[in-house]
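Positions are given from 1, in the same order as the sequence printed here.
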Amino acid sequence: GLYQLGAIATMKFELYLDDEKIVGSHYNYRDELGDPRVEATPPIKLEAGKTYRIRMDAQESYGDAQLQFVWSKPEGDLEKEALDIAAKADAVVMFLGLTPRLEGEEMKVDVEGFRGGDRTRIDLPRPQQALLEKVTKLGKPTVLVLLNGSALAVNWAEKNVPAILEAWYPGQAAGTAIADVLFGDYNPAGRLPVTFYKSVDDIPPFEDYNMQGRSYKYFKGKPLYPFGHGLSYTAFDYKNLKTAPSIKAGGEITVNVDITNSGKRAGEEVVQLYVSYPKSKVERPAKELLGFERITLQPKETKTVALTLPADELRYWDAEKDRWVLENTPVEIQVGASSSDIRLTKMLKVGK
């Protein structure tokens, strides 16, 4: 079948198959800041039962000398194998997403959706999406676990997959942590630290470093999943937003809100405090996260959360005057479960 041969190295190396050079590297460890990646051949057909001579010549080029010979075996029909297994299962957990071999900086990657480590598309790789749709159509209870280092536009999964768990790159305890969540031994309480967009068409090109149209602060569209989003096996109610009517320069106020666990399970809620500037005379973010607190509540339990808001956090930098400025205009306090799930609001006067 078809194999690929290669190496992961911090050294210059040459790989030979039957004395024919098939891979050569001029790897410079210093230039890559200690981040070796795979150098591999295109697919090579190897015959069963035949002996091949493999030789690798290597030369230490800088610092720590590491050299690992790697290969990929013929895959066969992996999609058919996956569908056969899923058809026999009571439930399906699909682990899909990206790997550090695809997304990163200054990488030798040029495949659909990726260019040099940058992403030209933000959906799942096409073969993964196709497999996800075929498995889901089997009608089995299906969970999608995402393993990735950046946001994914899983629009189809949002509409068609019963449960989605964002695991990022979770490390050696991933299996235990994911199982605890899926079996209900742990009530999840994670919150997204980035915005999940529906398409690259929703945001400016990545060559444009202007923040307009990016992040929850400046994005004017509807995200797939907003900054701060996260679900739980219980539900939380927000009531009684209380704070001082005004704030002055150099001072601070306390924002109080009552949170009740209205469900049947103990759980954690992340109470988020945002501020918007509807009367600002300069261009400001649509909203800014200026405080949050994670609390644990038993079923039907209520706690009062107190969030401190200093006046200094409401200032903006005036480049022309070369100083921080506190506007003498009211701001809106927003408290909620995410940047898009605002439960309570209150206007606050700002004085000098």
Side-chain angles (χ1 to χ4, degrees), residues 91 93-98 141-154 157-158 161-197 215-217 223-241 254-275 287-309 333-345:
V93 181
M94 296 192 69
F95 289 81
L96 303 177
L98 309 177
T142 302
V143 176
L144 169 60
V145 179
L146 295 175
L147 305 175
N148 47 296
S150 52
L152 285 165
V154 286
E158 162 64 19
V161 179
I164 302 174
L165 178 64
E166 175 56 78
W168 302 108
Y169 290 144
Q172 64 181 10
T176 300
I178 292 170
D180 285 347
V181 170
L182 297 187
F183 282 91
D185 297 327
Y186 174 73
N187 191 352
R191 298 294 183 268
L192 290 182
V194 295
T195 301
F196 275 47
Y197 306 99
S215 82
Y216 78 95
K217 292 183 178 182
L224 178 63
Y225 299 113
F227 173 86
H229 172 73
L231 300 181
S232 169
Y233 292 143
T234 187
F236 301 92
D237 295 334
Y238 287 61
K239 293 182 180 179
N240 302 325
L241 175 60
T254 301
V255 179
N256 294 292
V257 60
D258 294 339
I259 310 296
T260 300
N261 182 347
S262 57
K264 299 180 180 180
R265 293 195 52 174
E268 296 172 87
E269 174 69 331
V270 181
V271 183
Q272 301 168 39
L273 170 64
Y274 295 87
V275 170
K287 63 181 63 176
E288 289 185 283
L289 177 70
L290 295 183
F292 64 91
E293 185 170 333
R294 179 184 294 267
I295 59 171
T296 301
L297 292 173
Q298 299 300 316
K300 311 307 177 184
E301 181 184 7
T302 299
K303 285 184 179 178
T304 299
V305 175
L307 299 165
T308 301
L309 177 61
I333 294 175
Q334 305 174 351
V335 177
S338 81
S339 59
S340 294
D341 186 8
I342 301 300
R343 307 291 182 89
L344 301 169
T345 64

Problem set entry | Closest contact, heavy atoms only, Tyr216 versus Leu289 | OH-N, 2.7 Å
For this session: Evaluate side chain to side chain contact (heavy atoms under 4.5 Å, CB included) for Tyr225 paired with Leu152, printing each intermediate quantity in order.
Result: CA-CA 10 Å; Tyr225 299 113; Leu152 285 165; over 6 Å; no
For this session: Count the heavy atoms belonging to other residues, nucleotides or ligands that lie under 6.0 Å from OH of Tyr186, then report whether that count exceeds 12.
Result: yes
Exercise. So do the side chains of Val271 and Val335 get within less than 4.5 Å of each other, counting heavy atoms only?
Worked result: yes
Problem set entry | Any pair counted as salt bridge (Lys or Arg N to Asp or Glu O under 4.0 Å), so long as it reaches residues 258-275, sequence neighbours left out | Arg191-Glu269, Glu268-Arg294
For this session: Determine, stepwise, if the pair Phe227 / Ser215 fulfils side chain to side chain contact (heavy atoms under 4.5 Å, CB included).
Result: CA-CA 8 Å; Phe227 173 86; Ser215 82; over 6 Å; no
Problem set entry | Note, Thr345 side chain near Gln334 side chain (heavy atom, < 4.5 Å) | yes
Problem set entry | Min side-chain heavy-atom separation Leu307-Glu293 under 4.5 Å | yes
For this session: Name all residues meeting the ring pair (Phe, Tyr, Trp, His ring centres under 6.0 Å) criterion together with Tyr197; count only those two or more places apart in sequence or in a different chain, and write none if there are none.
Result: Phe219
Exercise. Does the side chain of Asp341 come within less than 4.5 Å of Pro226's, by heavy atoms?
Worked result: no
Problem set entry | Side chain proximity check, Thr296 to Glu301, heavy atoms < 4.5 angstrom | no
For this session: Find out whether Ile342 and Lys287 are in side-chain contact, i.e. whether some heavy atom of one side chain is under 4.5 Å from a heavy atom of the other.
Result: yes
For this session: Run the numbers on Ser150 and Leu98 for side chain to side chain contact (heavy atoms under 4.5 Å, CB included), then give the verdict.
Result: CA-CA 9 Å; Ser150 52; Leu98 309 177; 4.1 Å; yes
For this session: Decide yes or no for Asn148 and Trp168: does some side-chain heavy atom of the first lie under 4.5 Å from some side-chain heavy atom of the second?
Result: yes
Seminar exercise, completed: dist Lys303:NZ -> Asn261:CG (nearest 0.5 Å) comes out at 10.5 Å
Exercise. Would you call Leu241 and Val255 a side-chain contact if the rule is heavy atoms closer than 4.5 Å?
Worked result: yes
For this session: Decide side chain to side chain contact (heavy atoms under 4.5 Å, CB included) for Phe236 and Ile295; before the verdict, give the C-alpha distance in whole Å, the side-chain angles of both, and the deciding distance to 0.1 Å.
Result: CA-CA 11 Å; Phe236 301 92; Ile295 59 171; over 6 Å; no
